[in-house]
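Here's the structure, in structure tokens; my notes come after.
Please read these numbers as outputs of a predicted model, since none were measured by experiment.
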There are 2 protein chains.
Amino acid sequence: MAHSPKRKLFLDLVLSLFRLNGLLVAEGDRMAESLGLTSARWKVIGVIALAHSGVTVPGIARVLGQSRQAVQRITDVMEADGLLRYQKNPDHKRSVLVCLTDSGQEVYSALRAVQDPWAIENTETVPVEELEIALQLVRRLINQFDR
Amino acid sequence: MAHSPKRKLFLDLVLSLFRLNGLLVAEGDRMAESLGLTSARWKVIGVIALAHSGVTVPGIARVLGQSRQAVQRITDVMEADGLLRYQKNPDHKRSVLVCLTDSGQEVYSALRAVQDPWAIENTETVPVEELEIALQLVRRLINQFDR
DNA sequence: GTCACGATGACAACATGCTGCCCATAACCA
DNA sequence: TGGTTATGGGCAGCATGTTGTCATCGTGAC
């Protein structure tokens with residue numbers, strides 16, 4: 001069992017994922033930098049923009065798989081920066097909805113203009129099949145761990 | 001170009017990787033918990049154990065792709081906890097070598113006893129080929145970003 | 001031998017994530 | 001309707017990562 005080829009393969013993969021994560025955060029910071037954002041805010045603004053209607057802070061946290069406190073801190077800063085605003089939630093008295101302001105919409109558009117070419121550029125030499133297999137594997141692992 | 005299937009695939013993959021990273025850290029914390037470790041110390045002790053001779057703090061940082069300051073803080077705590085010790089480096093007057101103490105060796109062995117079954121268990125339903133493709137892709141991305 | 005540059009150590013500031021705690025509100029069920 | 005459970009908000013503390021700065025040590029070119 002100790003000689004299982006999968007064992008070492010998986011542990012190598014995990015260590016590599018830790019490293020890749022750090023590099024991806026750095027990439028996000030680099031791309032978002034010129035727009036006055038950071039990678040954490042990049043993640044949050046992406047979720048809000050994709051949800052066409054308003055979303056709550058814990059809702060964003062669930063999508064990202066993070067704690068609501070972590071997201072709340074980000075949104076508070078972005079609200080102070082005028083990128084988003086809190087809106088009354090007709091369905092819930094205390095839990096407000098988060099929406100992009102016009103300024104936030106503009107920033108998101110500018111972000112896409114950097115992010116999309118980045119994504120295409122970094123997959124130029126990668127076959128679609130490999131991307132699909134990797135994504136499928138990552139999602140399977142997420143399901144295994146997310147309980 | 002905006003309709004490139006790879007673009008969305010890659011962005012989905014990146015978001016999933018952020019999430020998986022958080023879950024993996026939590027898994028590491030869970031496994032290391034009973035040994036008085038955390039996932040960060042788990043990473044560091046692994047590097048030291050694999051390097052049969054002593055390694056320097058910046059050396060560990062290079063292996064992990066992290067800043068030497070982050071590693072230094074971890075090793076300082078682990079040294080205070082008696083898991084490792086600093087040893088004179090014959091090749092360098094200021095940069096000490098980091099070695100596992102007997103206690104550190106024991107903890108690492110105990111760690112393996114948890115970690116290896118964990119690795120095997122979590123790849124039971126995953127074909128080796130998919131693991132290889134995913135690892136290859138992750139390494140390719142690391143090389144692209146690590147400059 | 002000297003000097004410039006790179007690597008290391010030490011300290012500080014900051015960003016981002018986590019958990020724990022307490023309280024308020026919503027939702028659900030008997 | 002009333003009580004229990006789930007969800008959300010806010011605060012605090014902590015772990016882990018980053019960057020920046022400065023002094024010191026090593027290395028290598030001249």
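- Separation of atoms CG (A:Asn122) and CD (B:Gln144) is listed at 5.0 Å; rounding is to 0.5 Å.
- Following rounding to the nearest Å, B:Arg62 (CZ) and C:dG6 (C1') show an atom-to-atom distance of 11 Å.
- Ring-plane geometry between A:Phe145 and B:Trp118 is classed as parallel, the angle between the planes falling under 30 degrees on a 0 to 90 degree scale with a further cut at 60.
- Between its two ends, the helix from C:dG1-D:dC30 to C:dA30-D:dT1 turns its axis by 30°, counting five pairs per end and rounding to 10 degrees.
- Atom C1' of nucleotide D:dT18 and atom CD1 of B:Ile74 are separated by 13 Å, given to the nearest angstrom.
- The interatomic distance linking B:Arg73 (CZ) with D:dT19 (P) rounds to 13 Å, in whole Å.
- When the side-chain nitrogen and oxygen atoms of B:Ser67 are compared with OP1 and OP2 of D:dT18, one or more of them lie within a distance under 4.0 Å.
- The two atoms that bring B:Ser103 and B:Gly82 nearest to each other are CB-O, 3.7 Å, heavy atoms only.
- Residue-level contact check: A:Thr38 touches the backbone only, with heavy atoms under 4.0 Å from sugar-phosphate atoms and none from bases.
- Taking CG of B:Leu141 as the start and CG of A:Leu23 as the end, the distance is 9.5 Å to the nearest 0.5 Å.
- Per the geometry, CD belonging to A:Gln69 stands 10 Å off C1' belonging to C:dG17, to the nearest Å.
- Nucleic acid contact class of B:Gln66 (heavy atoms, under 4.0 Å, all strands): sugar-phosphate only.
- Residue A:Ser95 is classed as a sugar-phosphate contact, given heavy-atom separations below 4.0 Å to backbone atoms only.
- Across A:Gly46 and A:Tyr108, no two heavy atoms sit closer than the pair CA-CE1, 4.0 Å.
- Remark: B:Gln87 CD to B:Leu97 CG distance equals 6.0 Å, nearest 0.5 Å.
- Near DNA chain D, meaning a heavy atom under 4.0 Å away, the residues from residues 40-54 of chain B are B:Ala40, B:Arg41, B:Lys43.
- C:dT16 atom P lies 13 Å from atom CG of A:Asp76, rounded to whole Å.
- The base of D:dG10 sits within donor-acceptor range of the side chain of A:Arg68, with an N or O pair under 3.5 Å.
- Counting any heavy atom pair closer than 4.0 Å across all strands shown, B:Val96 reaches sugar-phosphate atoms only and no base atom.
- Going from atom CG of A:Leu37 over to atom CG of A:Leu83 covers 6.0 Å, rounded to the nearest 0.5 Å.
- Regarding A:Asp29, its CG atom lies at a distance of 15 Å from the P atom of D:dG17, rounded to whole Å.
- Counting to the nearest Å, the C1' atom of C:dT16 and the CZ atom of B:Phe18 are 12 Å from each other.
- Of the inter-residue distances, the one linking A:Leu15 atom CG with A:Leu20 atom CG reads 12.5 Å to the nearest 0.5 angstrom.
- Each of D:dG8, D:dT18, C:dC18 was ranked by its minimum atom distance to the side chain of B:Ala70; first place goes to D:dT18.
- Ion pairing between a basic and an acidic side chain is recognised when a charged N comes within 4.0 Å of a carboxylate O; A:Glu130 and B:Lys6 show no such pairing.
- Atom CG of A:Asp102 sits in a sparse spot, with 12 or fewer heavy atoms from other residues, nucleotides or ligands closer than 6.0 Å.
- One atom, CG of A:Asn89, and another, P of C:dA24, lie 20 Å apart when rounded to the nearest Å.
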